[in-house]
Amino acid sequence: QCPGIETLCLDLADWDAAEAAVSAAGPFQLLVNNAAVALLEPFLEVTRAALQRSFDVNLQAVLHVSQIVARQMIAQGVPGVIVNVSSQASHRALRDHAVYCSTKSALDMLSKVMAMELGPHKIRVNTVNPTVVMTDMGRNNWSDPQKSAAMINRIPLGKFAEVDDVVNSILFLLSDKSAMTTGSSLMVDGGFLVS
């Protein structure tokens with residue numbers, strides 16, 4: 001229900017399909033990279049398929065889509081903003097999350113390098129790092145009351161994030177109210193990382 005926003009539905013892990021679809025869209029001034037998968041396996045049981053799929057979606061797709069969009073921004077000579085949705089898991093080890101934590105840590109560092117290299121082109125890049133968010137993926141991975149209680153007990157605010165908590169943080173980073181913020185990670189974790 002937002003005029004001027006066009007939705008593209010595609011598998012971002014498909015490099016060629018993403019290239020074609022995103023290159024044909026635009027022009028861009030804002031980009032939010034929010035696609036992710038969480039394929040949870042104990043470290044000793046991580047499969048090559050889960051590793052590949054996770055890095056394809058959680059890191060490679062962000063890099064690729066951001067390249068396409070940033071090139072368009074630079075060619076147009078317009079300032080822009082990119083927000084990558086990361087996770088508190090980029091800063092804290094979580095059981096059965098070896099691959100997910102790794103991809104999100106890599107995303108945080110990718111975002112910092114992007115901020116450094118794109119800054120001279122007036123393109124800001126930041127991450128939003130939420131705790132568990134009550135999306136379908138969040139509910140699927142945290143529906144076990146014993147598992148969720150252990151996590152919630154480590155969150156000083158005593159609850160998981162709602163979608164609006166993350167959306168409002170993204171909107172702040174997309175806005176001029178954060179005009180001097182780039183290369184930063186905005187924690188939306190209810191205090192999880194301080195506990």
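Below, all heavy atoms of this structure are taken into account, side chains as well, without hydrogens, waters or symmetry copies. These figures come from a predicted structure and were not determined experimentally.
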task = Determine, stepwise, if the pair F192 / R154 fulfils side chain to side chain contact (heavy atoms under 4.5 Å, CB included).
result = CA-CA 6 Å; F192 176 81; R154 293 176 63 185; 3.8 Å; yes

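- In the hydrophobic cluster analysis, where Ile, Leu, Val, Met, Phe, Trp and Tyr join through side-chain heavy atoms closer than 4.5 angstrom, V46 is grouped apart from L40.
- V85 and L110 fall into different hydrophobic clusters, where Ile, Leu, Val, Met, Phe, Trp and Tyr are joined by side-chain heavy atoms under 4.5 Å apart, directly or via other members.
- No single ILVMFWY cluster, assembled from side-chain heavy atoms under 4.5 Å apart, contains both V166 and M151.
- The shortest non-hydrogen separation linking Q72 to G26 is OE1-CA, 3.9 Å.
- Residues N129 and S185 share a closest heavy-atom pair of OD1-CB, 3.4 Å.
- At least one side-chain heavy atom of I74 sits under 4.5 Å from a side-chain heavy atom of L118.
- In terms of modelled atom types and a separation under 3.5 Å, the side chain of Q88 and the main chain of M187 share no donor-acceptor contact.
- Linking Ile, Leu, Val, Met, Phe, Trp and Tyr residues whenever their side-chain heavy atoms come within less than 4.5 Å places V81 and L171 in a single cluster.
- For the pair N126 (side chain) and G183 (backbone), a donor-acceptor distance under 3.5 Å is present.
- With sequence neighbours excluded, the residues that form a salt bridge (Lys or Arg N to Asp or Glu O under 4.0 Å) with R139 are D136.
- The closest side-chain heavy-atom distance from L107 to N58 is not below 4.5 Å.
- Although no hydrogens or angles enter the test, the distance criterion places no donor-acceptor pair under 3.5 Å between the side chain of D108 and the main chain of S105.
- For N153, the CG atom is densely surrounded, since the number of other residues' heavy atoms within 6.0 Å is greater than 12.
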query = Should M134 and V163 be marked as a side chain to side chain contact (heavy atoms under 4.5 Å, CB included) after you check the CA-CA gap, both sets of side-chain angles, and the distance that decides it?
reply = CA-CA 6 Å; M134 289 294 91; V163 172; 5.9 Å; no

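- Cluster membership for V65 and V128, using ILVMFWY side-chain heavy atoms within less than 4.5 angstrom, is not shared.
- Checking S87, S86, S54, S90 one by one against T103, the side chain to side chain contact (heavy atoms under 4.5 Å, CB included) holds for a single residue, S54.
- Enclosure of atom NZ in K159 is not indicated, since only 12 or fewer non-hydrogen atoms of other residues, nucleotides or ligands lie within 6.0 angstrom.
- Contact detail for I152 and G158: the closest heavy-atom pair is CG2-O, 3.3 Å.
- When all heavy atoms of S143 and N140 are compared, the pair lying nearest together is OG-O, 3.8 Å.
- The line from OG1 of T181 to CZ of R124 is 6.5 Å long, rounded to the nearest 0.5 Å.
- Using a 4.5 Å heavy-atom threshold, the side chains of V22 and F28 count as touching.
- At distances below 3.5 Å, at least one donor-acceptor pair connects side-chain atoms of T182 with backbone N or O atoms of V125.
- Grouped by direct or indirect side-chain proximity (heavy atoms under 4.5 Å, Ile/Leu/Val/Met/Phe/Trp/Tyr only), V57 sits with V37, L39.
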inquiry  = Does R71 form a side chain to side chain contact (heavy atoms under 4.5 Å, CB included) with Q67? I'd like the steps, not just the answer.
reply    = CA-CA 6 Å; R71 286 179 184 136; Q67 285 178 324; 3.9 Å; yes

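- Once rounded to the nearest 0.5 Å, the distance linking CG of L31 with CD1 of I123 reads 10.0 Å.
- The backbone N or O of A89 lies less than 3.5 Å from no partner atom in the side chain of H91, so there is not a single donor-acceptor pair.
- Between the E41 side chain and the T47 main chain, a donor and an acceptor come within less than 3.5 Å of each other.
- Residue M137 places its CE atom among more than 12 non-hydrogen atoms of other residues, nucleotides or ligands, all under 6.0 Å distant.
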request  = Would you sort out whether D165 and V133 count as a side chain to side chain contact (heavy atoms under 4.5 Å, CB included), showing the intermediate values?
outcome  = CA-CA 9 Å; D165 297 321; V133 182; over 6 Å; no

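- The structure places CZ of R95 at 11.0 Å from NZ of K147, a figure rounded to the nearest 0.5 Å.
- Residues S102 and F55 have side chains in contact (heavy-atom distance under 4.5 Å, counting atoms from C-beta outward).
- The CG atom of N33 sits 11.5 Å away from atom OG1 of T127, with the distance rounded to the nearest 0.5 Å.
- The side-chain heavy atoms of S178 and L186, taken from C-beta on, include no pair separated by under 4.5 Å.
- Taking all atoms of both residues into account, the shortest heavy-atom contact from A13 to D56 is CB-CB, 3.7 Å.
- Interatomic distance, SG of C101 versus CG of L94, reported as 4.5 Å (0.5 Å rounding).
- The structure places CG of L157 at 8.5 Å from CG of D189, a figure rounded to the nearest 0.5 Å.
- The heavy-atom pair separating M73 from G80 by the smallest distance is SD-CA, 3.8 Å.
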